[in-house]
Q: 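I have a structure I would like to understand better, so I am pasting it below and will then ask my questions one at a time.
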2 protein chains.
Amino acid sequence: MISFQEFIKDCEKNCNKVQRKSFKKDEIITTYIAKRNQICILISGSADLVRYDSNGNKTIVEHFTSNDIFGEIFYTIATNNELFVKARHNSEVLFFSYDLMKHKCKTNCAFHKIFQDNLSELILSKVTMLNTRVELLTKRSIRDKLLGYFSILSVRNFNRTFSLPFSLTDLADYLSIDRSAMMRELKYLKDDGIIKKNGNKITLLIQ
Amino acid sequence: MISFQEFIKDCEKNCNKVQRKSFKKDEIITTYIAKRNQICILISGSADLVRYDSNGNKTIVEHFTSNDIFGEIFYTIATNNELFVKARHNSEVLFFSYDLMKHKCKTNCAFHKIFQDNLSELILSKVTMLNTRVELLTKRSIRDKLLGYFSILSVRNFNRTFSLPFSLTDLADYLSIDRSAMMRELKYLKDDGIIKKNGNKITLLIQ
DNA sequence: ATAAAAATGTTGCAACTGCAACTAATAAAA
DNA sequence: TTTTATTAGTTGCAGTTGCAACATTTTTAT
């Protein structure tokens, strides 16, 4: 899998069906509109999949970092909600067409072959990410959502102390909760000695 | 894709690496414990992926009907939560090992080939399902969750009137909300003339 | 057929969460 | 460097949701 990820980074050298583009902070990387069956892979930087619903509520549907995969192919747009991916930091992104990659390249290039062999694995990583997301969102209280998310970050970082990947405002949009209510709960968590907070650095003090 | 689904149903004739089993209502189809990389396909019937968290809250993580795919391979178990799939009706299920299916069959059987060719598509259907799930769960109120779910069922059924696939008690566990609060909201929706309800048959009256 | 269990339906009340409206602090732009 | 915009942090209040504790109906088991 690692070797595939390394390989991916050199993909334009391997296949002319792939495009690499750079994005500055806050630029829109792609908008989910038509069914272009686009697949994107984030090479470097970070980005968010953002949705605005009909009530104007913003949701950060997913947060992407290096090697994460996204694109229309993963999202059948049932509603009229606006859906786009926005760069959080300067980012580099690869663009493929799923349909083109699914079928053999005319030139029978090695890239196509390797991509096809690893496609399932790539999509499976997405499934895992989404399951984690569902697990967070099904938690019944703001406190449990926060602690659940902190626990994930703590495990990923091999450390009880970790940085939030985005601002507190965006954290609320990610957990699908009101920002002020979240701030209040963060205070309670501090008061109860469950977390320590210093800017966007959090430390889990229990368990 | 249809032909693949049809093909799948005859799979034991095609490959001895596949098992078909029948389950009675309420039987446990599989438990997500070890990383056996199991993939299951529901041939007939219906089933739920159920999770109990440390607070004893039950969540119906997913609801499966014919041709849906599930299994440990899709779920990296990060927490100690109990996770299992339970038959809602009498069901028939195919079991594969992802690892066995990934690699060529010793006998080079046709089933393996077709399975591999369609694996990505199969997993993509899972991603779509999960995205729909996330969209529901990020809705901010009980009313919006109910209407969002009803809208999905209405579209799937090509009809403003449809049956709920499970009991109201389970619907609450699926939407991750309190049952009595949900019942109250259902009453308000009726009072406001937004839905009509007759047992587990719902009709959307607006839009 | 009858008892037991599960699901539905209801309600008061308390707790939690969202909303609005601020101030303070920090970051970005002119 | 100063202004402007964004983010963080607070709080009162109202509305929503969860909890508990029922009664009623339906389903399942004996």
Side-chain angles (χ1 to χ4, degrees), chain A residues 24-27 48 50 53 55-60 86-90 136-148 163-192 194-202, chain B residues 24-27 48 50 53 55-60 86-90 136-148 163-192 194-202:
Chain A
K24 293 242 163 62
K25 184 179 183 315
D26 292 330
E27 280 184 327
D48 300 317
V50 179
D53 69 18
N55 301 324
N57 286 317
K58 177 185 174 188
T59 304
I60 295 182
K86 190 175 184 181
R88 178 164 292 281
H89 301 101
N90 293 350
L136 266 188
L137 290 170
T138 52
K139 293 197 184 291
R140 307 300 173 98
S141 63
I142 292 184
R143 172 168 290 216
D144 282 349
K145 283 181 185 168
L146 284 169
L147 289 178
S163 296
L164 296 172
F166 31 47
S167 70
L168 293 171
T169 303
D170 286 341
L171 178 59
D173 290 334
Y174 180 72
L175 297 177
S176 208
I177 52 183
D178 180 71
R179 187 188 64 85
S180 69
M182 185 193 77
M183 295 300 291
R184 183 167 34 209
E185 194 59 47
L186 280 172
K187 200 176 54 169
Y188 294 159
L189 282 168
K190 280 190 286 186
D191 292 350
D192 292 352
I194 296 172
I195 64 165
K196 219 161 63 185
K197 179 174 173 306
N198 195 323
N200 77 336
K201 277 220 177 346
I202 306 277
Chain B
K24 292 243 164 62
K25 182 178 184 316
D26 293 331
E27 280 185 328
D48 301 316
V50 179
D53 70 16
N55 301 324
N57 286 317
K58 176 185 173 186
T59 304
I60 296 182
K86 190 176 181 178
R88 177 164 294 280
H89 301 102
N90 292 351
L136 266 188
L137 291 170
T138 52
K139 294 200 182 293
R140 305 301 172 98
S141 63
I142 290 184
R143 173 168 289 217
D144 283 350
K145 283 181 186 169
L146 284 170
L147 289 178
S163 297
L164 296 173
F166 31 47
S167 70
L168 294 170
T169 303
D170 286 341
L171 178 59
D173 289 335
Y174 180 72
L175 298 176
S176 209
I177 53 184
D178 179 72
R179 187 189 62 86
S180 69
M182 185 193 78
M183 296 300 289
R184 182 166 36 208
E185 194 58 45
L186 280 172
K187 199 175 53 168
Y188 294 159
L189 283 168
K190 281 188 286 185
D191 293 350
D192 293 352
I194 297 172
I195 65 165
K196 219 161 65 186
K197 180 175 172 304
N198 194 322
N200 78 336
K201 277 220 179 344
I202 306 276

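Lettering follows sequence order; numbering is per chain, from 1.
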Q: What is the distance, to the nearest angstrom, from the CG atom on A:Asn198 to the C1' atom on D:dG9?
A: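 That distance rounds to 15 Å.
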
Q: Do side-chain atoms of B:Asp173 reach the backbone of B:Ile60 as a donor and acceptor pair under 3.5 angstrom?
A: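 Between the backbone of B:Ile60 and the side chain of B:Asp173 there is no qualifying donor-acceptor contact (under 3.5 Å).
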
Q: Between A:Thr59, A:Leu164, A:Leu136, which is the residue that forms a side chain to side chain contact (heavy atoms under 4.5 Å, CB included) with A:Tyr174?
A: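 The residue from A:Thr59, A:Leu164, A:Leu136 that satisfies side chain to side chain contact (heavy atoms under 4.5 Å, CB included) with A:Tyr174 turns out to be A:Leu136.
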
Q: Provide, to the nearest angstrom, the distance between the NZ atom belonging to A:Lys190 and the C1' atom belonging to D:dG9.
A: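 Whole-Å distance recorded here is 9 Å.
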
Q: Once you round it to whole Å, what is the distance between P of C:dA28 and CG of A:Asp26?
A: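 These atoms are roughly 9 Å apart.
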
Q: Check B:Arg179 against B:Ala172 and note the closest heavy-atom contact, atom names and distance.
A: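 That closest heavy-atom pairing would be CA-CB, 3.7 Å.
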
Q: Taking protein heavy atoms under 4.0 Å as touching, what does nucleotides 24-30 of chain D look like 5' to 3' if B marks base contact, S marks sugar-phosphate-only contact and - marks none?
A: -------

Q: Is B:Arg88 salt-bridged to B:Asp48, cutoff N-O under 4.0 Å?
A: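 Judged by the 4.0 Å cut-off on N to carboxylate O distance, B:Arg88 and B:Asp48 do form a salt bridge.
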
Q: Has A:Lys190 got more than 12 heavy atoms of other residues, nucleotides or ligands less than 6.0 Å from its NZ?
A: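 For A:Lys190, atom NZ is crowded (more than 12 foreign heavy atoms under 6.0 Å).
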
Q: I need the CE-C1' distance between A:Met183 and C:dA25, as an integer number of Å.
A: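 After rounding, the reported distance stands at 11 Å.
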
Q: Please list each protein N or O that sits under 3.5 Å from an N or O in nucleotides 15-17 of chain C, with the distance.
A:
from   : atom 1 : to       : atom 2 : distance (Å)
C:dT17 : OP1    : A:Ile142 : N      : 2.9

Q: Heavy-atom count around A:Asp26 CG within 6.0 Å, excluding the residue itself: above 12?
A: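 It does: A:Asp26 CG has more than 12 such atoms within range.
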
Q: Any side-chain heavy atom of A:Leu186 within less than 4.5 Å of one from A:Leu168?
A: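 SC-SC contact between A:Leu186 and A:Leu168 confirmed.
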
Q: Rounded to the nearest angstrom, tell me the gap between atom CZ in B:Phe166 and atom P in C:dT8.
A: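 The distance from CZ of B:Phe166 to P of C:dT8 comes to 11 Å, rounded to the nearest Å.
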
Q: How many Å lie between CZ on B:Arg179 and C1' on D:dA21, as a whole number?
A: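 So the two atoms are 11 Å apart, to the nearest Å.
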
Q: Can you tell me the distance, in whole Å, between the CG atom of A:Leu171 and the P atom of D:dG9?
A: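 Going from CG in A:Leu171 over to P in D:dG9 covers 12 Å.
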
Q: For DNA chain C, whose closest nucleotide is more 5', that of B:Asp170 or that of B:Ser180?
A: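 In this pair, the answer is B:Asp170.
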
Q: Is the phosphate of D:dG9 approached by A:Lys197 (side-chain N or O, under 4.0 Å from OP1 or OP2)?
A: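 For A:Lys197, the contact criterion (side-chain N or O under 4.0 Å from OP1 or OP2 of D:dG9) is met.
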
Q: In whole angstroms, how far is the P atom of C:dA6 from the CG atom of B:Leu168?
A: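 Taking atom P of C:dA6 as the reference, CG of B:Leu168 is at 17 Å.
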
Q: Which atom pairs, donor and acceptor, lie under 3.5 Å between side-chain atoms of residues 140-147 of chain B and protein residues at least two apart or in another chain?
A:
from     : atom 1 : to       : atom 2 : distance (Å)
B:Arg140 : NE     : A:Ser176 : OG     : 3.1
B:Arg140 : NE     : B:Thr138 : O      : 3.4
B:Arg140 : NH2    : A:Lys58  : O      : 3.0
B:Ser141 : OG     : B:Asp144 : N      : 3.2
B:Arg143 : NE     : B:Glu185 : OE2    : 2.8
B:Arg143 : NH1    : B:Asp192 : OD2    : 3.4
B:Arg143 : NH2    : B:Glu185 : OE2    : 3.4
B:Arg143 : NH2    : B:Asp192 : OD2    : 2.9
B:Asp144 : OD2    : A:Asn55  : ND2    : 3.4

Q: Tell me whether the OP1 or OP2 atom of D:dA8 has a side-chain N or O from A:Lys187 closer than 4.0 Å.
A: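 So the side chain of A:Lys187 is outside the cut-off, no N or O lying under 4.0 Å from OP1 or OP2 of D:dA8.
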
Q: Crowded around A:Lys197 NZ? As in, over 12 foreign heavy atoms under 6.0 Å?
A: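 Counting other residues, nucleotides and ligands, NZ of A:Lys197 exceeds 12 neighbours.
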
